[in-house]
There are 2 protein chains.
Amino acid sequence: MSKKNETWAEKVLGIIRQRDQPVSAYGVLEELRSESPKMAPTTVYRALKSLTEKGSVHRIESLNAYVACSDDGHHHPSIMSICGDCGSVDERDAPAVFSHLSSALGEAGFTADHHVIEVHGLCADCKETEDGI
Amino acid sequence: MSKKNETWAEKVLGIIRQRDQPVSAYGVLEELRSESPKMAPTTVYRALKSLTEKGSVHRIESLNAYVACSDDGHHHPSIMSICGDCGSVDERDAPAVFSHLSSALGEAGFTADHHVIEVHGLCADCKETEDGI
DNA sequence: CCTGATATGTTATGTTATAACGTAATGCAA
DNA sequence: TTGCATTACGTTATAACATAACATATCAGG
């Protein structure tokens, strides 16, 4: 039941939301190609650009991949925790982290405009499993 | 006066240290090729892998580039501030940031093992220049 | 009607990174 | 001193990620 008259950005957002793990641009492309075999990478990258600018999607720099925003278009920075075992990514709020970050940078005269905070490790479930072994 | 009997990793570290800006793997490769025209990317990536594992070099995920560690092999995480204007990257210590990060993640049961903290913005010098306009 | 903004199509290319295999030198332990 | 693991390096090929440059279409508002 895919909707007609959707923009590519809307379709891309749908694809990313359906997944519980980050998707690469080419992952999205492959999925779109099942319906539109001639799709070019450019199209996907354009859609991703508009979605990340709007805040509907976040890019995970350390994975070259994208996840849906957990709170579409929230306008505050967040932190991403990335499980190295199951691959899940969780977005969290952490105001205290950003306030300390701001003050550390502010003292040095640095003006922040975009934050990349990605923590790799093990999620609670995978940690349990490992410990259980 | 380049030394003989240096490993590639040592040479790569030298190249990265000479620069005051992040260098891409292919940037390093190009420089090495001026003396060793047949050098392959693999060689550079191998050197970068060993250097980042040792902590002599840090990878900037959001730039796909590398900088020398400001305190070779320190074994605590640091934050990187990246000037969008002049391209300079500064590494800083910020223990308070990491302690809040740990507690936020710890509450959720997440076990951290590697941190990517990269802040894009304007360094003090570039900010002044902009304001001066 | 014209014009600017946005979305899209198309082709080509640039950039970043790894796989998979082989060789050489070294150190160390049986 | 032979055998074996380890580390570094060479070589070829390919995979994965990303953008440039230029063309066409649609539509809202002046």
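Lettering follows sequence order; numbering is per chain, from 1.
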How close do A:L13 and A:S56 get, counting heavy atoms only, and between which atoms?
CD1-O, 3.9 Å
With the side chain of A:Y45 defined as its heavy atoms from C-beta on, choose the nearest nucleotide among D:dC9, D:dA18, C:dT18.
D:dA18
Figure out the CG/P separation between A:L32 and C:dA7, and round it to whole Å.
16 Å
Side chains of A:S70 and A:E91: do they bring a donor and an acceptor to under 3.5 Å?
yes
Do other residues, nucleotides or ligands put more than 12 heavy atoms under 6.0 Å from the CD atom of A:E30?
no
Any donor-acceptor N or O pair under 3.5 Å, side chains B:D93, B:S78:
no
Could you state the atom-to-atom distance from CG of B:L29 to C1' of D:dT11 in whole Å?
14 Å
Nearest whole angstrom, please: distance from the P of C:dG9 to the CZ of A:R33.
13 Å
Stacking between B:W8 and D:dC9, defined as ring centres under 5.5 angstrom apart with planes under 30°, is that present or not?
no
Short N/O separations, protein against nucleotides 11-13 of chain C, under 3.5 angstrom:
unit_1	atom_1	unit_2	atom_2	d
C:dT11	O4	A:T42	OG1	3.3

Stacked pair A:Y26-D:dC17, distance under 5.5 Å, angle under 30°
yes
If you pin A:R46 and A:S24 to their nearest nucleotides in DNA chain D, which one's is more 5'?
A:S24
Taking OP1 and OP2 of D:dC17, is either one under 4.0 Å from a side-chain nitrogen or oxygen of A:R59?
no
B:L48 CG to D:dC9 P, straight-line distance once rounded to whole Å
13 Å
Taking side chain as C-beta onward, heavy atoms only, is A:S81 less than 4.5 Å from A:C123?
no
Is any side-chain heavy atom of A:V57 less than 4.5 Å from a side-chain heavy atom of A:V67?
no
To the nearest Å, give me how far apart CD (A:E6) and C1' (C:dT8) are.
15 Å
Expressed in angstrom and rounded to an integer, what is the separation of A:I60 atom CD1 from D:dA18 atom P?
13 Å
Do the two ring centres, one from B:H74 and one from B:H58, sit under 6.0 Å apart?
yes
For B:L51 and D:dA8, what is the distance between atoms CG and C1' respectively, to the nearest whole Å?
13 Å
Return the 5'-most residue of the pair A:N64, A:M39 with respect to DNA chain C, ranking by each residue's nearest nucleotide.
A:M39
